[in-house]
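A short write-up of the structure that comes next.
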Amino acid sequence: MRVLFFAHLKDITGCAEMNLPGGDLDADGLWQKLIEAHPGMEQVRASVRLAKNSEYVGRDACFTDVDEVALIPPVSGG
Amino acid sequence: MEIKIQLTNASICERLPAPTSGVGAGAWVDFRGVVRGEENGAVIAALEYEAYSPMAEMEMRRIIAELAGDHHCLFVRVIHRVGIVPVGEAAICVGVAARHRAEAFALLAGFMNRLKQDVPIWKRRALTATELTELKTK
């Protein structure tokens with residue numbers, strides 16, 4: 001699945017997006033893989049919301065290979 | 001109700017026309033959020049905005065439709081700038097048309113509150129005058 005990073009998450013991961021192969025994941029599984037790839041993400045986990053295909057999802061969400069997942073840190077538009 | 005959403009790199013400082021589809025409108029409320037000359041106590045020359053554009057547009061549309069359930073309006077237009085926005089220029093412009101002013105003011109206030117909670121747009125960084133000049137000369 002395609003995972004997108006925004007704002008200061010780009011500084012933590014060093015990239016704007018990454019591909020996470022390996023089939024279906026729940027939210028906890030997704031975070032586990034992200035933290036394995038980018039340990040700095042653990043510190044921001046509590047403040048980051050997940051979106052699937054451009055919609056916010058809850059902690060019970062599941063993600064498949066075809067989904068676009070976005071990590072949304074606290075927003076500051078306007 | 002008609003909703004128009006736009007994210008743009010271009011300046012939105014020019015005068016925007018009144019709604020063409022707001023037939024029956026008795027109120028047209030126009031709001032601009034502009035970049036202040038200081039951020040976290042420091043003098044700045046510009047802010048850089050970043051957006052997750054597809055989701056930002058969807059989320060703004062969803063929020064407006066939800067608010068319109070309580071505050072019936074005829075037309076809403078939102079333009080949010082992304083990229084470098086110099087101090088004094090508009091980062092966002094919202095126009096709301098309604099039959100009466102109360103609905104337009106209420107929807108506008110509710111939208112701006114929700115925008116700052118839920119719409120995936122970020123102030124990526126603040127630029128000093130020197131940094132802004134360097135960026136322009138590149």
Side-chain angles (χ1 to χ4, degrees), chain A residues 1-20 24-27 30-31 33-35 37-38 40-78, chain B residues 5-9 12 30-36 39-40 44 47-66 78-83 85 89-96 108-126:
Chain A
M1 69 191 67
R2 186 177 177 219
V3 181
L4 307 178
F5 304 105
F6 293 96
H8 65 283
L9 302 186
K10 288 180 183 171
D11 301 329
I12 293 172
T13 62
C15 60
E17 65 177 86
M18 68 180 288
N19 185 49
L20 263 187
D24 298 359
L25 289 171
D26 61 14
L30 174 73
W31 272 108
K33 283 192 177 273
L34 289 171
I35 291 167
H38 304 288
M41 291 295 288
E42 185 157 23
Q43 291 183 359
V44 297
R45 178 173 176 173
S47 64
V48 171
R49 288 193 279 178
L50 296 176
K52 180 169 85 171
N53 303 324
S54 298
E55 286 190 43
Y56 286 114
V57 292
R59 296 180 63 174
D60 58 346
C62 288
F63 306 93
T64 70
D65 273 343
V66 297
D67 288 328
E68 179 178 274
V69 181
L71 280 85
I72 311 288
V75 302
S76 52
Chain B
I5 308 286
Q6 184 186 1
L7 294 171
T8 178
N9 279 297
I12 51 174
D30 220 344
F31 169 78
R32 286 162 196 237
V34 301
V35 174
R36 270 190 302 270
E39 182 82 353
N40 299 323
I44 66 165
L47 285 174
E48 183 178 14
Y49 284 85
E50 175 187 357
Y52 177 22
S53 299
M55 181 171 171
E57 290 188 27
M58 282 176 58
E59 196 65 15
M60 284 193 268
R61 199 171 286 277
R62 189 186 66 75
I63 290 167
I64 291 165
E66 190 180 313
V78 180
I79 306 174
H80 200 302
R81 197 161 162 191
V82 292
V85 185
E89 293 192 16
I92 186 170
C93 178
V94 185
V96 182
L108 173 62
F111 173 74
M112 289 307 299
N113 289 337
R114 295 283 299 278
L115 174 96
K116 290 172 178 292
Q117 294 169 9
D118 293 329
V119 176
I121 299 174
W122 298 270
K123 293 180 180 77
R124 182 73 169 102
R125 62 176 174 147

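Only this structure's heavy atoms are used, side chains among them; waters, hydrogens and symmetry mates stay out. Not measured: the values here are computed from a predicted model. Below, chains carry the letters A, B, ... as their sequence lines are ordered, and counting in each starts from 1.
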**OP:** Specify which of B/Val85, B/Asp118, B/Val119, B/Val34 makes the most heavy-atom pairs with chain A at under 4.5 Å.
**Re:**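 The option with the most such pairs is B/Asp118.
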
Could you go through the salt bridge (charged side-chain N to carboxylate O under 4.0 Å, His left out) check for B/Arg125 and A/Asp11 one step at a time?
CA-CA 12 Å; B/Arg125 62 176 174 147; A/Asp11 301 329; over 6 Å; no

Do other residues, nucleotides or ligands put more than 12 heavy atoms under 6.0 Å from [X] [atom1]?
X	atom1	value
B/Gln117	CD	yes
B/Arg36	CZ	no
A/Glu17	CD	yes

Between [X] and chain A, with a heavy-atom cut-off of 4.5 Å, which part of the residue counts as in contact: side chain, backbone, both or neither?
X	result
B/Tyr49	side chain
B/Glu57	neither
B/Ile92	side chain
B/Ala51	backbone

- Separation between CD of B/Glu50 and NZ of A/Lys10, rounded to the nearest 0.5 Å: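 Output value for this atom pair is 3.5 Å.
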
With a 3.5 Å distance limit and no angle check, can you tell me whether [X] reaches the backbone of [Y] through a side-chain donor-acceptor pair?
X	Y	value
B/Lys123	A/Ser76	yes
B/Trp122	A/Ile72	no
B/His80	A/Gly77	no

Exercise. Where on A/Pro73 is there a heavy atom nearer than 4.5 Å to chain B: the side chain, the backbone, both, or neither?
Worked result: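 Contact with chain B is through both the backbone and side chain of A/Pro73.
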
inquiry  = Restricting to non-hydrogen atoms, name the atom on B/Ile121 and the atom on A/Val75 that form the minimum distance, rounded to 0.1 Å.
reply    =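 B/Ile121 and A/Val75 have their closest heavy atoms at O-CB, 3.6 Å.
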
request  = Name all residues meeting the ring-ring contact (aromatic ring centres under 6.0 Å, His included) criterion together with A/Phe5; count only those two or more places apart in sequence or in a different chain, and write none if there are none.
outcome  =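 A/Phe5 satisfies ring-ring contact (aromatic ring centres under 6.0 Å, His included) with A/His38 only.
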
Which residues, numbered in order, of residues 54-62 of chain A come under 4.5 angstrom of chain B by heavy-atom distance?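 Within residues 54-62 of chain A, the residues under 4.5 Å from chain B are A/Ser54, A/Glu55, A/Tyr56.
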
